[in-house]
Amino acid sequence: MQHRRLTGSRIRERRLDKGLRQSAVAEAVGISPSYLNLIEHNRRRIAGKLLHDLARVLAVDPSQLTEGVDSELLDQMRAAAAAFGETAEVARAEEVAARFPGWAGLIAAQARRISVLDARVQTLVDRMAYDPLLATSLHEVISAVTAIRSSASILVGQEELDADWQRRFHENIHNDSRRLADSSEALIAYLEAPQAETATATSPMEDVEAFFAAQDGHVPALEVDDADLDAFVAASALTDAAAKLMRSTAETYHRDAMALPRPAFEAASLDLGHDPVAISAKFGVGFDVVLRRLATLTRADGHPPMALAVCDASGTLTFVKPVPGFTLSRFAGACPLWPIFRAMGQPMRPVRADVVLPGPVPTQLRCFAVALPVGQVQFDVPPAIQSTMLVLPDPPEFGQDPLPVGVSCRICPRSGCSSRREPSIDGELLQPL
C-alpha cells in the first residue's frame, strides 16, 4: 500500500474529529462532495494546492496528512500477526498504524511482551526437563519421603517392637523429616524467581542487551586497563544467569578496548570514514574486533548510528545492539539472506553488502560481516564459529544493486525469493523483488 493511499483516510479522520460535514468541507475547497468522498476512500490521488486547501480547512499541517508510517512499527505489527494473529488483516496494517498510532504501538508492545514471556516459559521448561541440580533436588525429596514412609510403616505394623527399636525408628523418622524439610526449602528457593525478575520477565540475554543499549553501547568502566570485571558484573545487579552472560560480554568488550584504545581508535575512525577494513589494516587487529568497537562509538561524539549483531553457527542470535530501521527476528526465524548468515559459508573472509528492507519507503543498510573461530582450537574437535555483523543505516553512498532482505519469511512481502521457507501470512502483501 503506497503512502499516498493513506492520505484520504487521514483527511476523513481529521474531518470527523472536527465534526465537519463532507459537503461543507468540499464546498470550502471548491470540489464536489462526491469527489471528496473518493479522496477520503483513497480512490483519488491528492497533492499540491488541493492538499494545502484541505489542510487549511481542517486546521492541520499538510505534512500530517501525507506523512508515512514508521517502517519499524509496521514490521513489529506484521511480526505480531505472524506469531499470534492468524486472522489479522495484515494488508491493512499500514492503514491501522496511520489512523490509530496509539493502538498500533500498543499491539507492537504487547507482541514484544508475549515474545519475552514465551522465551521465559521455554527457558523454564528446559530448566525443568534438563537441569541436573533440579533433578538432584527432586531425588533428595523423593528419597527422604520414601525413607520416612518405610520407617512409619514398620512402626504401625502388627509386629511388636521393643523400646530400643522404636527409639531407633523414631530417630530415623526425625532425621529424615529434617532432611526432607531442608531439601524442600532448597528446591523452593531454587525454583522461586526473585520479585524484580518476575516483574520484568525478560530473558538473561535481553537483560544484558538492555544494559548496553541504555549506554548506547559505550561502557567507560570497561575501557580502562585495570577494569575490575567482577565488580562491574556485581554492580549490574543482574540475575545469576544474566550475570554469567554479562561477564562473558564484558570480557570481550574489555579485550577489544585494550586492542583498540578509544582515543586513537575514535580519531582513526573519523579520519577513515568508519571503514572497518582500513581501520583493521591501520591497527593490525582482527576484523571482528573492529566491528565490535565501531558499535561502541556514540552519536553524541559525532559518529553515525551503528548496529551490531552476533550469532553462533546455528544461526542463533547471541547479541543484538539495535538502531532505528534495523531489526532481526529472534522468535520467527530471521531472513537467511542477511550477510551475518552468509559469512558463515565463507569463514575468515570479510563480507560487505548493501541491503534493502521492503516497505513503502525501503530501508537502506550497509552491512559488514565476518565469521571466525572462537575459543581454543583442538584436534578432532569442530571449531566453534561466531559471526559478527555491523550495520550502518542510510549510508552516504549506496550500491546500485542492493541485496533484498527481509525480517522473516512469514511477514516478508517479497515474491520470487529462492530462500523463502514458508509463505507470507497474507498473499496480498507479496510484491516483486
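These numbers come from the heavy atoms of this one structure, side chains and all, not from hydrogens, waters or symmetry mates. These numbers were taken from a predicted model, which means no experiment stands behind them.
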(request) Could you walk me through whether L392 and F368 pass the side-chain contact (heavy atoms from CB on, under 4.5 Å) test, one step at a time? (result) CA-CA 9 Å; L392 283 73; F368 301 93; 4.0 Å; yes
(message) Quick check: do L297 and H218 have side-chain heavy atoms less than 4.5 Å from each other?
(response) no
(message) Does any part of the side chain of V233, heavy atoms only, come nearer than 4.5 Å to the side chain of K244, both counted from C-beta?
(response) no
(message) One pair to check against side-chain contact (heavy atoms from CB on, under 4.5 Å): M344 and C311. What are the steps and the verdict?
(response) CA-CA 10 Å; M344 284 290 184; C311 76; 3.8 Å; yes
(message) Taking L58's backbone N and O only, do any of them form a donor-acceptor pair with R14's side chain (distance below 3.5 Å, no angle check)?
(response) yes
(request) Kindly determine whether L180 and I148 satisfy side-chain contact (heavy atoms from CB on, under 4.5 Å), including the steps that lead there. (result) CA-CA 9 Å; L180 175 60; I148 293 171; 4.0 Å; yes
(message) Between T316 (side chain only) and D312 (backbone N and O only), is there a donor and an acceptor less than 3.5 Å apart?
(response) no
(message) Check whether H41 reaches the backbone of N37 with its side chain - one donor and one acceptor, N or O, closer than 3.5 Å.
(response) yes
(message) With a 4.5 Å cut-off on side-chain heavy atoms, are T388 and L308 touching?
(response) yes
(request) Decide, yes or no, whether a salt bridge links R255 with E251 under the criterion of side-chain N to carboxylate O below 4.0 Å. (result) no
(message) Tell me if the CE atom of M258 is crowded by more than 12 foreign heavy atoms within 6.0 Å.
(response) yes
(message) Contact between V405 and V356 at the side-chain level, heavy atoms closer than 4.5 Å - yes or no?
(response) no
(request) Could you tell me the separation between the CG atom of L272 and the CG atom of D275, rounded to the nearest 0.5 Å? (result) 7.0 Å
(message) As an exercise, state the distance from SG of C367 to CG of L291, rounded to the nearest 0.5 Å.
(response) 11.0 Å
(request) Supply the atom-to-atom distance T318 OG1 to Q386 CD, rounded to the nearest 0.5 angstrom. (result) 5.5 Å
(request) Would you give the length of the straight line joining atom SG of C335 to atom CZ of R421, rounded to the nearest 0.5 angstrom? (result) 7.5 Å
(request) For the pair W338 (side chain) and M389 (backbone), establish whether a donor and an acceptor sit closer than 3.5 Å, ignoring hydrogens and angles. (result) no
(message) Can you tell whether the side chains of R366 and D394 come within less than 4.0 Å, N to carboxylate O?
(response) no
(message) Please check this pair: side chain of S387 against backbone of I340, looking for a donor-acceptor N/O pair closer than 3.5 Å.
(response) yes
(request) Could you check if a side-chain atom of F265 sits within less than 4.5 angstrom of a side-chain atom of L294, using non-hydrogen atoms only? (result) yes
(message) For a 4.5 angstrom cut-off between non-hydrogen side-chain atoms, does R342 reach L403?
(response) yes
(request) Mind listing the closest non-hydrogen atom pair of P404 and L337 along with its distance? (result) O-CD1, 3.5 Å
(message) For D164, is there any backbone N or O sitting under 3.5 Å from a side-chain donor or acceptor partner on D162?
(response) yes
(message) On a heavy-atom basis, which atom in L238 and which in A242 lie closest, and how many Å separate them?
(response) CB-CB, 3.8 Å
(request) Dump the intermediate steps for salt bridge (Lys or Arg N to Asp or Glu O under 4.0 Å) on D182 and R179, then the final yes or no. (result) CA-CA 5 Å; D182 292 341; R179 182 161 62 96; over 6 Å; no
(request) Answer yes or no: is there a side-chain heavy-atom contact under 4.5 Å between F319 and M205? (result) no
(request) Please check if atom CZ in R352 has more than 12 non-hydrogen atoms from other residues, nucleotides or ligands closer than 6.0 Å. (result) no
(request) May I ask you to check whether F232 and Y253 place their ring centres under 6.0 Å from each other? (result) no
(request) Using modelled atom types only, decide if a donor and an acceptor are shared between the side chain of S280 and the backbone of P276 within a distance under 3.5 Å. (result) no
(request) Give a yes or no answer on whether the side chain of K321 reaches the backbone of M306 with a donor-acceptor pair at less than 3.5 Å. (result) yes
(request) Identify whether the distance between the nearest side-chain nitrogen and carboxylate oxygen of R292 and D256 falls below 4.0 Å. (result) yes
(request) Mark yes when over 12 heavy atoms from residues, nucleotides or ligands other than D17 sit less than 6.0 Å from its CG; otherwise mark no. (result) yes
(message) How long is the straight-line distance from OG of S236 back to CE of M246, given to the nearest 0.5 Å?
(response) 4.5 Å
(request) Determine yes or no for a side-chain-to-main-chain donor-acceptor pair under 3.5 angstrom, with T363 supplying the side chain and L357 the backbone. (result) no
(message) To the closest 0.5 Å, what do you measure between CD1 (I154) and CD (Q166)?
(response) 12.0 Å
(request) Would you check if L372 and I385 make a side-chain contact, meaning some heavy-atom pair closer than 4.5 Å? (result) no
(message) Between H254 (side chain only) and V224 (backbone N and O only), is there a donor and an acceptor less than 3.5 Å apart?
(response) yes
(message) Under 4.0 Å between a side-chain nitrogen and a carboxylate oxygen: does that hold for R293 and E223?
(response) yes
(request) Verify side-chain contact (heavy atoms from CB on, under 4.5 Å) between R247 and L229, making sure each step is shown before the conclusion. (result) CA-CA 7 Å; R247 173 73 191 209; L229 299 185; 3.6 Å; yes
(request) For R149, look at atom CZ and say whether over 12 heavy atoms of other residues, nucleotides or ligands are found less than 6.0 Å away. (result) no
